[in-house]
Each structure stands twice: as C-alpha cells, then as structure tokens.
Amino acid sequence: MDSVYCSETAEFQVAFFDLDPMNVVWHGNYVKYMEIGRCALLDKIGYNYTEMVKSGYAFPVTGIKVRYIKPLTFGEHARIVSHLIEYENMIKIKYEIFNEKGELTTKAESTQMAFNIKKMEAEFSCPEVFVKRVKAIAGLQSAK
C-alpha cells in the first residue's frame, strides 16, 4: 500500500467537446482531468506551476498510467481525487475519478521529475522548497 502524503478533490463537468463518436468521454481527455486534479493538489501544497518556475524548476511528466473502469458522459458532474504518494525523488500522484453517482470510473497515476531550468538538466531528487512544503502539509515537520 502506498503512503499518501496529501490529497485533494476537484470537481468538473463533462463538456460536449470531450466526447467521442460513441457519446462517452474520449480516452485522451482523462489526461486533461488528471491535470485538473494535479493543479488542485499542487495549489493545496503551495507549489503550483508558477511557484515551480519561481524556484527554478519545471516538472515534465515522465509517465502516465490510466485504467478505464466506466465511461463518463456528457453533462455529468464528476470529481477527481488526487493523492500525492511520492515527493522526494519525483512527484508521483494517484488519481481516482468518480461520476455523479459516486461510482469509480477511472484509476490513474502520473510521475514527474524535477528539471533545473538554470542548469538545463534533470535532477533525481525534488527541490528542498517542495519537499519542505509537502512535509509541512503532511505533518512530518514544519515548513521554514
């Protein structure tokens, strides 16, 4: 079982342009929903994309896994729950998407690695500012 250091929930409504010819959400749009969840989680931590750049880092996505369980349909109100499960060596987030009935529709995971913008090179650990913010929100130590 993975440790969960921080979780956040975001809601969205399925738009018409998200559908495929079978009138269900096209599989590629679930990555967009993951981004909605990831942004909400990073905002909660206090280290969103703007803060990343200010601290000199970018975090490119290095992997995505998606398991489709049940389709979402036009107009549905859905929610995505994002769980931070790794923060020291990379950002790894697990996602669960639920339809408006509360049924689990999708499980997913994304990984991102730290990239030092000034040095123009990948790093194999996350910057201290991010680690401290996660530890503070997870109650592991106070942020400085």
Side-chain angles (χ1 to χ4, degrees), residues 1-20 24-74 76-144:
M1 177 90 179
D2 294 313
S3 295
V4 175
Y5 299 101
C6 181
S7 297
E8 184 63 292
T9 300
E11 296 182 1
F12 62 93
Q13 185 172 11
V14 175
F16 178 75
F17 56 78
D18 285 347
L19 304 181
D20 68 12
V24 297
V25 171
W26 176 66
H27 69 277
N29 282 320
Y30 287 87
V31 175
K32 176 176 69 173
Y33 302 150
M34 291 165 62
E35 182 66 21
I36 291 169
R38 181 170 40 245
C39 285
L41 181 63
L42 292 171
D43 282 343
K44 181 176 185 174
I45 294 168
Y47 196 69
N48 60 27
Y49 293 128
T50 303
E51 291 297 314
M52 288 176 185
V53 172
K54 282 182 187 176
S55 69
Y57 288 87
F59 280 82
V61 173
T62 58
I64 291 179
K65 296 179 189 175
V66 183
R67 182 172 169 232
Y68 305 101
I69 299 166
K70 187 174 212 154
L72 292 171
T73 58
F74 173 65
E76 268 194 294
H77 292 272
R79 65 183 165 90
I80 183 164
V81 183
S82 306
H83 307 282
L84 181 68
I85 60 168
E86 170 62 47
Y87 67 92
E88 293 175 307
N89 299 313
M90 68 182 87
I91 295 176
K92 185 183 277 190
I93 302 171
K94 285 198 174 184
Y95 308 88
E96 298 170 305
I97 299 176
F98 298 89
N99 63 18
E100 59 192 23
K101 295 177 187 173
E103 300 168 322
L104 181 64
T105 67
T106 313
K107 289 183 175 185
E109 181 179 292
S110 68
T111 55
Q112 295 170 260
M113 73 179 306
F115 183 83
N116 187 308
I117 296 169
K118 187 175 182 181
K119 293 179 183 178
M120 292 300 289
E121 61 186 36
E123 296 194 359
F124 297 101
S125 60
C126 289
E128 187 176 339
V129 62
F130 174 67
V131 171
K132 283 184 177 182
R133 289 181 187 183
V134 171
K135 286 182 176 182
I137 203 161
L140 300 173
Q141 77 178 30
S142 62
K144 293 182 181 177

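We find the CE-OG distance between Met34 and Ser82 to be 8.5 Å, quoted to the nearest 0.5 Å. Rounding to the nearest 0.5 angstrom, the gap separating the CG atom in Asn99 from the NZ atom in Lys70 is 6.5 Å. Residue Lys54 holds its NZ atom at 4.5 Å from CD of Glu51, rounded to the nearest 0.5 Å. In this structure, CD on Gln112 lies 7.5 Å from OG1 on Thr62, to the nearest 0.5 angstrom. Interatomic distance, Glu35 CD to Ile64 CD1, rounded to the nearest 0.5 Å: 9.0 Å. Atoms CD and NZ, on Glu96 and Lys107 in that order, are 6.5 Å from each other to the nearest 0.5 Å.
Under the 3.5 Å distance criterion, with hydrogens and angles disregarded, no donor-acceptor pair is assigned to the side chains of Glu86 and Tyr5. Side-chain atoms of Asn116 and Glu123 include a donor-acceptor pair closer than 3.5 Å. A donor atom on one side chain and an acceptor atom on the other are found under 3.5 Å apart for Arg38 and Tyr95. Counted by atom type alone, His83 and Glu8 present zero donor-acceptor pairs between their side chains at under 3.5 Å.
The aromatic ring centres of Phe115 and Phe59 sit 6.0 Å or more apart.
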Could you please spell out the steps behind the side-chain contact (heavy atoms from CB on, under 4.5 Å) verdict for Glu11 and Glu100? CA-CA 10 Å; Glu11 296 182 1; Glu100 59 192 23; over 6 Å; no

Run the side-chain contact (heavy atoms from CB on, under 4.5 Å) test on Glu103 and Phe98 for me, step by step, so that the C-alpha distance in whole Å, both residues' side-chain angles and the decisive distance to 0.1 Å come before the verdict. CA-CA 5 Å; Glu103 300 168 322; Phe98 298 89; over 6 Å; no

As a quick check of understanding, evaluate side-chain contact (heavy atoms from CB on, under 4.5 Å) for Ile45 and Leu84, giving each step before the final call. CA-CA 10 Å; Ile45 294 168; Leu84 181 68; 3.9 Å; yes

Please lay out, stage by stage, how Asp2 and Lys92 fare under the test salt bridge (Lys or Arg N to Asp or Glu O under 4.0 Å). CA-CA 11 Å; Asp2 294 313; Lys92 185 183 277 190; over 6 Å; no

Under the side-chain contact (heavy atoms from CB on, under 4.5 Å) rule, what do Ile69 and Thr105 come out as? Steps first, then yes or no, please. CA-CA 5 Å; Ile69 299 166; Thr105 67; 5.6 Å; no

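Contact annotation: the side chain of Cys6 approaches that of Leu41 to within less than 4.5 Å [non-hydrogen atoms, C-beta and beyond]. Taking 4.5 Å as the limit, some side-chain heavy atom of Tyr49 sits within range of a side-chain heavy atom of Leu42. Using a 4.5 Å heavy-atom cutoff, the side chains of Val66 and Thr106 are in contact.
Atom CD of Glu121 is surrounded by more than 12 heavy atoms from other residues, nucleotides or ligands within 6.0 Å.
Between the side chain of Tyr68 and the backbone N or O of His27, at least one donor-acceptor pair lies under 3.5 Å. With Thr111 contributing its side chain and Gly63 its backbone, the two residues share a donor-acceptor pair below 3.5 Å.
The nearest pair of heavy atoms linking Leu72 to Tyr30 is N-OH, 3.2 Å. Phe17 and Asn29 make their closest contact through O-ND2, 4.3 Å (heavy atoms, listed as atom of the first residue, atom of the second, distance). In terms of heavy-atom proximity, Leu19 sits nearest to Thr73 at CD2-C, 4.3 Å. Nearest approach of Ser125 to Ala114, heavy atoms of both residues: O-CB, 3.6 Å. Minimum heavy-atom separation, Ile85 to Ile93: CG1-N, 4.5 Å. Nearest heavy-atom pair, Cys126 versus Phe130, reported as atom, atom and distance to 0.1 Å: CB-CD2, 3.8 Å.
Under the 6.0 Å distance and 45° angle rule, Arg133 does not count as a cation-pi partner of Tyr47.
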